[in-house]
Amino acid sequence: MTISALQQARAQYQPKLPKSLKGAVKTVPGAATESIADQADIKKLFPNTYGMPIITFEEGGEGVSIPACNVGVILSGGQAPGGHNVISGIFDGIKKLNPESKLYGFLGGPGGLVDHKYMEITADYLEGFRNTGGFDIIGSGRTKLEEEAQFDKGLEILKKLDIKALVIIGGDDSNTNACVLAEYYAVKRAGVQVIGCPKTIDGDLKNEMIETSFGFDTAVKVYSELIGNIQRDANSAKKYWHFIKLMGRSASHIGLEAALQTQPNITLISEEVAAKKQTLGEIVNYMAGIIAKRAANGENFGVALIPEGLVEFVPEMKSLIEELNDLLAEGSAAEQEFKMIQKSHRLEWVAGKLSPKASAVFQSLPSSIATQLTLDRDPHGNVQVSLIETEKLLGEMVKTKLDEMKAAGEFKGKFGTQYHFFGYEGRCAAPSNFDADYCYSLGYTASFLIGSGKTGYMSSVRNTIAPADQWIAGGVPVTMMMNMEKRHGHMKPVIQKALVELDGAPFKYFVANREKWAVETSYLYPGPIQYWGPSEVCDRTTVTLQLEQAK
Ligand code: FBP
């Protein structure tokens with residue numbers, strides 16, 4: 001296989017580890033833990049894995065060596081840069097504990113465990129994947145491990161391969177399921193430990209003990225590079241407003257971090273929109289106001305960042321989507337009728353079936369977006385929110401608003417748009433030094449959690465704004481991060497999703513600066529991720545982490 005010059009050079013990179021994991025390692029248990037809420041319910045559901053202590057690995061001790069222990073690994077959900085290094089860390093860690101241990105990868109995500117699709121990850125096979133982006137080493141998938149029948153099927157293959165521990169690399173849902181699996185195998189005395197690793201570019205799996213999910217750092221750096229390039233283009237040509245939608249299914253961490261790295265003119269934060277119960281009209285007025293102010297200064301250009309999940313946080317859009325989901329539910333009589341109606345009459349027909357409030361919102365949307373809302377549906381008949389071109393929706397509505405303002409003499413400029421969506425291009429980038437080191441450390445830590453017999457833990461690496469050798473490695477009981485939430489009509493134990501905190505330091509910093517960034521052209525150009533060079537360039541963490549961790 002031919003590989004690029006960067007890949008060749010990058011293959012030589014030895015990821016940095018916390019000092020505590022380099023030599024003999026001591027396992028230090030902390031105090032017993034409680035879940036963040038709903039303690040009695042969670043304790044009842046997880047009798048074996050509730051209340052366990054936080055574990056810290058420190059330098060010293062005897063230098064553990066364990067009997068050979070085969071380990072399985074699963075990549076779950078969307079790609080995130082650094083997954084290959086988690087696997088490298090697990091591999092090197094288990095080999096350090098016992099060179100006879102083997103690592104098996106389940107293929108194509110959690111479904112590989114259930115369908116018994118796997119491969120042994122050997123040293124030779126792994127070599128080509130170290131420090132590379134992507135999940136192609138074993139593939140990923142979105143099958144949810146939720147049913148006992150799946151757990152039992154999985155156990156068959158785990159037994160056959162003599163696997164004593166399974167590492168699930170995934171987001172909040174996958175780690176919730178990992179914990180359910182850990183509990184199930186503990187109840188059954190199956191002899192299989194389950195350990196989770198925090199992954200997702202969305203950055204919404206974080207808490208006191210998990211400072212960041214891996215992949216967030218690299219993905220946002222890629223987006224920020226591109227945003228910076230666009231800002232420079234906008235400032236050179238001075239004729240376009242660029243509306244950029246940024247990936248992140250629900251939370252706006254990516255948008256906020258990209259804003260902190262690039263200082264664009266407008267950044268919408270979904271969590272703020274929800275908290276202020278803003279309507280689409282209010283958002284459009286806000287954007288048009290900034291565009292008019294800049295135009296008054298002769299600057300008919302700018303950059304606006306729009307989080308992917310925005311529409312679901314706008315209360316009126318949320319209600320509209322819910323009504324549309326009910327109205328056009330797969331197999332419903334209304335859906336059948338809808339399909340029979342001439343295309344040119346469909347929007348009118350839908351508007352007539354909605355409640356007056358939802359109908360007004362629906363009719364205020366550009367017809368291309370209204371059509372998208374009625375046609376692009378998932379297999380269950382639900383609107384596919386991630387496919388909604390929010391950047392175009394807002395662009396068109398802002399244009400209409402500016403036309404009105406022009407007629408009223410309130411806008412004298414020009415408004416030309418370019419639209420972008422940055423998402424997939426960031427998910428498989430070669431991991432930044434931070435993600436390469438963080439992921440390798442998470443994997444290595446997972447192997448030590450296995451070595452110390454733990455189950456129901458998530459691998460945790462903290463103090464991440466310090467140099468890597470000062471990072472604190474250990475494990476957090478997954479039950480500690482849980483609360484009860486309603487999912488599909490039933491109360492379930494789940495890891496609480498971390499949304500942008502409006503009283504958190506990153507958002508406050510953004511708010512303190514956004515008015516200046518809106519009107520002045522204060523763009524920052526972070527440039528591409530650097531792998532070699534001064535540490536302040538190559539090893540920098542996200543601004544979010546720096547602000548959150550600042551003492
Ligand atoms: P995970 O939560 O599984 O890490 O995936 C996140 C994400 O990248 C979102 O940002 C995005 O909305 C979604 O996946 C896209 O999913 P798909 O890859 O199925 O198109």
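Each ligand, and each atom within it, is numbered from 1 in the order the structure gives. One is the number of the first residue; the rest follow in order along the sequence.
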A student checking ligand 1 against Lys199 at a 4.0 Å heavy-atom cut-off should list atoms 1 (P), 3 (O), 4 (O)
Please check if the number of heavy atoms outside Glu501 that lie under 6.0 Å from its CD is greater than 12. no
At less than 4.0 angstrom from any non-hydrogen atom of Tyr424, what atoms of ligand 1 do you find? 15 (C), 17 (P), 18 (O), 20 (O)
In ligand 1, which numbered atoms sit nearer than 4.0 Å to a non-hydrogen atom of Gly77? 3 (O)
Note: heavy atom closest to atom 19 (O) of ligand 1, options Lys497, Arg249, Arg142, belongs to Arg142
Polar contacts were defined as any N/O atom of the residue lying under 3.5 Å from an N/O atom of the ligand; does this apply to Gly78 and ligand 1? yes
Under 4.0 Å between heavy atoms, the region of Arg427 that gets near ligand 1 turns out to be side chain
Gly248 touching ligand 1 at heavy-atom level, < 4.0 angstrom: yes
With a cut-off of 6.0 Å (strictly less than), are more than 12 heavy atoms of other residues, nucleotides or ligands near CD of Glu208? no
Closer than 4.0 Å to some heavy atom of Thr200 - which atoms of ligand 1 meet that? 1 (P), 2 (O), 4 (O)
Quick check: does any side chain N or O of Ser447 sit under 3.5 Å from a backbone N or O of Tyr444, one acting as donor and the other as acceptor? yes
Is the distance between the ring centroids of Tyr440 and Trp471 under 6.0 Å? no
Are any of the N or O atoms of Ser76 closer than 3.5 Å to those of ligand 1? no
Under the side-chain hydrogen bond (donor to acceptor under 3.5 Å, both in side chains) test against His242, which residue among Gln418, His420, Gln231, Glu391 passes? His420
Nearest neighbour in protein (non-hydrogen) for atom 10 (O) of ligand 1: Asp202 OD1, 2.6 Å
Can you give me the closest heavy-atom contact between Glu271 and Val500, atom names plus distance? OE2-N, 3.0 Å
Does Arg427 make a cation-pi contact with Tyr424 (under 6.0 Å, within 45 degrees of the axis)? no
Using only heavy-atom distances, determine whether the side chains of Tyr523 and Asn265 contain a donor-acceptor pair under 3.5 Å. yes
At a 4.0 Å threshold, what atoms of ligand 1 neighbour a non-hydrogen atom of Glu308? 10 (O), 11 (C), 12 (O)
